[in-house]
Each structure stands twice: as structure tokens, then as C-alpha cells.
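The structure appears below as C-alpha cells.
All residue numbers in this chain count up from 1 along the given sequence. Any value given below was found using the heavy atoms of this structure, including those in side chains, with hydrogens, waters and symmetry copies removed.
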Amino acid sequence: EVQLVESGGGLVQAGGSLRLSCAASGFAFDNYAIGWFRQAPGKEREGVSCITISDGSTYYLDSVKGRFTSSSDNAKNTVYLQMNSLKPEDTAVYYCAAALPHILKSLWPHPLAMDYWGKGTLVTVPS
């Protein structure tokens with residue numbers, strides 16, 4: 001059974017940091033790319049960052065470049081999203097998702113690129 005389980009969300013003041021984790025199981029982790037998406041109330045889901053596990057290449061949404069960093073621990077089948085200098089507009093439910101790299105690169109940042117999804121973790125940055 002494929003599983004993607006996010007953790008690490010919470011309430012943090014503006015300017016603070018959080019690290020989200022995405023633990024993957026049930027598929028060939030090393031052959032996939034893992035994306036982070038977020039969805040704020042009343043807004044569409046948007047791609048924030050992705051990382052190709054095999055070569056570590058990453059992509060970032062312009063509004064998070066320089067603040068967010070994706071990384072992976074292949075031994076643990078886990079991807080992380082380090083979020084620094086958080087802003088109120090970063091408030092959203094954050095999801096991790098998996099896709100084959102060639103599919104993700106052709107469709108990123110569209111959510112349709114992704115094959116598997118986690119259930120999400122809430123990040124709240126009060127204004």
C-alpha cells in the first residue's frame with residue numbers, strides 16, 4: 001500500500017521556521033520525485049517545491065525561493081521541507097505527493113502531475 005505521511009505542521013509566528021517531513025512507503029522511492037503543494041482556504045492548490053530523489057534536483061515556487069529548502073533522506077524514504085522566514089501568506093495545508101520525474105517535469109507545478117498524495121499538515125502563520 002502506497003503511503004505518504006506528512007508531519008511537522010503547526011502554529012508559528014511570522015519570521016519563524018518549521019520543518020515538514022514526508023515519510024513515504026509502498027513504492028520505489030528512489031525512482032520518484034516528491035513535490036510539496038499547499039492549499040489555503042478559498043484558493044487553488046499550488047506547487048511549492050519538488051525534489052527528484054535520484055539526483056537531488058529541486059524546483060521552487062518564486063515566492064518561496066531563498067526561504068524554503070527541500071531535501072531527502074533516502075535511507076529513511078523521507079523528504080523534508082525546511083521553511084524559514086515564514087509569512088502569513090504561507091498559511092495553508094501542506095501536502096506532499098509523488099510522481100515519476102519525467103511526468104513531474106513536464107507538468108510541474110500542476111497537481112495533475114502527481115500520482116500519490118498524503119493527507120496534509122496545517123501550517124498557520126498569524127498576521
Donor-acceptor pairs under 3.5 Å, side chain of residues 52-61 to any protein atom, not counting sequence neighbours: which ones?
from : atom 1 : to  : atom 2 : distance (Å)
T52  : OG1    : S57 : OG     : 3.4
D55  : OD1    : S57 : N      : 2.9
D55  : OD1    : S57 : OG     : 2.8
Y60  : OH     : S70 : N      : 2.8

* Criterion side-chain contact (heavy atoms from CB on, under 4.5 Å) on C50 and L104, from CA distance to verdict -> CA-CA 9 Å; C50 64; L104 184 142; 3.4 Å; yes
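Of all non-hydrogen atoms in S127 and P88, the two that sit nearest each other are CA-CG, 3.7 Å.
In this structure, the side chain of T124 does not engage the main chain of L11 through any donor-acceptor pair within 3.5 Å.
Separation of atoms OG (S63) and CD (E89) is listed at 8.0 Å; rounding is to 0.5 Å. Note: R19 CZ to T69 OG1 = 11.5 Å, rounded to the nearest 0.5 Å. Note that OG1 of T91 is 8.0 Å distant from CG of L122, once rounded to the nearest 0.5 Å. Separating the CG atom in L4 from the CE atom in M114 is a distance of 8.5 Å, to the nearest 0.5 Å.
Judged as a side-chain hydrogen bond (donor to acceptor under 3.5 Å, both in side chains), and not counting sequence neighbours, the contacts of Q39 are R45. For S106, the side chain to side chain contact (heavy atoms under 4.5 Å, CB included) test picks out no residue, with sequence neighbours left out. The salt bridge (charged side-chain N to carboxylate O under 4.0 Å, His left out) search around K65 returns D62, not counting sequence neighbours. Legend: residues meeting disulfide bond (SG atoms under 2.5 Å apart) with C22, ordered by chain and number and at least two apart, are C96. The side chain to side chain contact (heavy atoms under 4.5 Å, CB included) test applied to A28 returns N31, not counting sequence neighbours. For S72, the side-chain hydrogen bond (donor to acceptor under 3.5 Å, both in side chains) test picks out N74, with sequence neighbours left out. For the ring pair (Phe, Tyr, Trp, His ring centres under 6.0 Å) test, residues two or more places apart in sequence or in another chain that qualify with F37 are W108, W117. Remark: R38 pairs with E46, D90 by the salt bridge (charged side-chain N to carboxylate O under 4.0 Å, His left out) rule, at least two apart or across chains.
In the hydrophobic cluster analysis, where Ile, Leu, Val, Met, Phe, Trp and Tyr join through side-chain heavy atoms closer than 4.5 angstrom, W36 is grouped together with L107. Linking ILVMFWY side-chain heavy atoms closer than 4.5 Å, directly or via other members, places V2 and I34 in a single hydrophobic cluster.
Members clustered with Y80: none, using a 4.5 Å side-chain heavy-atom cutoff among hydrophobic residues.
In this structure, the side chains of T121 and V93 stay at 4.5 Å or more apart for every pair of heavy atoms. Inter-residue side-chain proximity for Q82 and S17 is flagged as met; some heavy-atom pair is nearer than 4.5 Å. Considering only heavy atoms from C-beta on, I51 comes within 4.5 Å of V79 through its side chain. The closest side-chain heavy-atom distance from T78 to F29 is not below 4.5 Å. Residues Y95 and L20 have side chains not in contact (no heavy-atom distance under 4.5 Å, counting atoms from C-beta outward). By the 4.5 Å heavy-atom criterion applied to side chains, F68 and N84 are not counted as neighbours.
Ring geometry for Y32 against F27 counts as perpendicular: the plane angle is over 60°, on a 0 to 90° scale with 30° as the lower cut.
Among residues at least two apart or in separate chains, there is no salt bridge (charged side-chain N to carboxylate O under 4.0 Å, His left out) pair with a member in residues 109-123. Every pair tested for side chain to side chain donor-acceptor pair (under 3.5 Å) that includes a residue from residues 3-14 fails, sequence neighbours excluded, so the list is empty.
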